[in-house]
There are 2 protein chains.
Amino acid sequence: MASVRKTDKRIEDEALVETPDLEEFIGYNLKRAYVIVQSDFRRTLGEDGFAPRVFSALSLVVQYPNVTSSGLARMLGIERSGLVAIVDELEGRGLLKRTNVPGDRRVQALVPTAKGKTAYAEARAAVRAHEDRLLSNLSDDEKATLMSLLGKIRATEA
Amino acid sequence: MASVRKTDKRIEDEALVETPDLEEFIGYNLKRAYVIVQSDFRRTLGEDGFAPRVFSALSLVVQYPNVTSSGLARMLGIERSGLVAIVDELEGRGLLKRTNVPGDRRVQALVPTAKGKTAYAEARAAVRAHEDRLLSNLSDDEKATLMSLLGKIRATEA
DNA sequence: TATTGTTATACTCTATAACTATA
DNA sequence: TATAGTTATAGAGTATAACAATA
């Protein structure tokens, strides 16, 4: 039964190690924290809500109208082949349109629709609410410090 | 050509937005930072090195000898079915052994081999070197602050 | 030659559900 | 009934390589 386990050899061994090595690594802590935030994001936005990467893409399209898929890929730090499914989903939902660019027929400018702008404003509010609620045990100062330190890590990127 | 792009409409639009909404979200910054650290981890440990989750599992097996797969799953926050491939790899490399536990024949205690302990010590040193190098633009104080803030996020977990 | 968007493909990580052998 | 380990399976997310159209 379960109560026996609390006193058996395996758990006694655990008690001998105060802090596992693992907890000393930034990478491990970063991942565990990221998983928590991401899964709360998905839970909050729900089945029919945006996945994080789709939300990110929509955000950039609304803020940078006429951005291209390749531009989006660069900003998001992923390969441009990965943008196809994301843009397909957003276009399929009627939130943006692929439009031709006069002067370069290779390129498709991504333009948010009115519906897309509205949907983004609502989703942004939902995401803000999710982070405010989930991270309510961090003060505004702590959040700002965290952002700044994460920014320092991001600044190491090649 | 590329130089034209710097003055076309798409990039002019970008200049109008100082800071994209995206950058205000903890989740987004957490993910970007995590991707950087994780990919440097993999690059540093190399083709035949441990993947992050395999390193994590080995670390816990070395520090908690006789831990079970289910125990590992709980500590790592993943489903126990996911441990099978990880433990298979570590056992296949001769770094741990699945051993029977007298008194409960359902359970397999995971015991690190001598080779496993050595391999872990070396990998741990490599991971520490990777983080020290990658995060050299953060002071020790900043790293400690970051850990503490990530710990606050982890503390929100159900 | 180089770039854009795209397709095909594969790999990693993870989850869910069900099975078996035990308890 | 419940738990440990396992299998089968599926779904994200991502990458690489190649292609057609265009520059």
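These numbers come from a predicted model, not from an experiment. Each chain gets a letter, A, B and so on, in the order its sequence line appears, and its residues count up from 1. Any value given below was found using the heavy atoms of this structure, including those in side chains, with hydrogens, waters and symmetry copies removed.
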| message | Has A/Thr118 got a side-chain atom pairing as donor or acceptor with A/Ala114's backbone, closer than 3.5 angstrom? | response | yes

- prompt: With distance as the sole criterion, do the side chain of B/Arg105 and the base of C/dT22 form a donor-acceptor contact below 3.5 Å?
  reply: no

Result for 5'-nearest mapping on DNA chain C, choosing between A/Lys31 and A/Arg98, is A/Arg98

Would you say A/Glu131's side chain and B/Ile26's backbone share a donor-acceptor pair under 3.5 angstrom? yes

Within residues 76-97 of chain A, those residues having any heavy atom closer than 4.0 Å to DNA chain D are A/Ile78, A/Glu79, A/Ser81

Determine whether a donor-acceptor pair (N or O, by modelled atom type, separation under 3.5 Å) exists between the side chain of A/Arg93 and the backbone of A/Gly116.
no

To the nearest angstrom, the OH-C1' distance between A/Tyr34 and C/dC13 comes to 11 Å

Rounded to whole Å, the CZ-P distance (B/Arg74 to D/dT3) equals 10 Å

Closest of C/dT22, D/dA23, C/dT4 to the A/Ser70 side chain is C/dT4

Whole-Å distance, A/Gln108 CD to C/dT4 C1', equals 8 Å

Secondary structure of DNA chain C per the Watson-Crick/G-U criterion (both distances under 3.5 Å; [ ] crossing, | other strand, . unpaired) is |||||||||||||||||||||||

Rounded to whole Å, the CG-C1' distance (A/Leu72 to C/dT4) equals 14 Å

query = Distance-only, no hydrogens or angles: does the B/Asp40 side chain make a donor-acceptor pair with backbone N or O of B/Leu134 under 3.5 Å?
reply = no

Check whether any side-chain nitrogen or oxygen of A/Arg42 sits under 4.0 Å from OP1 or OP2 of D/dG13, and answer yes or no.
-> yes

- Does a side-chain N-to-carboxylate-O contact under 4.0 Å join B/Arg128 and A/Glu24? yes

Is B/Leu110 close to B/Ser69 at the side-chain level, that is, under 4.5 Å between some pair of heavy atoms? yes

Open item on the list: Strictly distance-based, threshold 3.5 Å: is any side-chain N or O of A/Thr113 a donor or acceptor partner for the main-chain N or O of A/Gly94?
Closed with: yes

Residues of residues 43-56 of chain A with a heavy atom under 4.0 Å from any atom of DNA chain C, listed by number, are none

| request: Report the C-alpha separation of B/Arg53 and B/Glu89 in whole Å, then their side-chain angles, then the decisive distance to 0.1 Å, and conclude whether the salt bridge (charged side-chain N to carboxylate O under 4.0 Å, His left out) test is met. | output: CA-CA 11 Å; B/Arg53 66 191 196 143; B/Glu89 175 177 338; over 6 Å; no

To the nearest angstrom, the CZ-P distance between B/Arg106 and C/dT22 comes to 11 Å

Against the side chain of B/Thr68, the closest entry in D/dG5, D/dA21, C/dG5 is D/dG5

Passes ring-ring contact (aromatic ring centres under 6.0 Å, His included), A/Tyr28 versus B/Phe55? Steps please. CA-CA 10 Å; A/Tyr28 180 73; B/Phe55 172 77; 9.2 Å; no

CD of A/Glu122 to CZ of A/Phe50, rounded to nearest 0.5 Å, is 9.0 Å

A/Phe41 CZ to D/dA12 P, in whole Å, measures 15 Å

*Donor-acceptor under 3.5 Å (B/Gln63 side chain, A/Asp21 main chain)*: yes

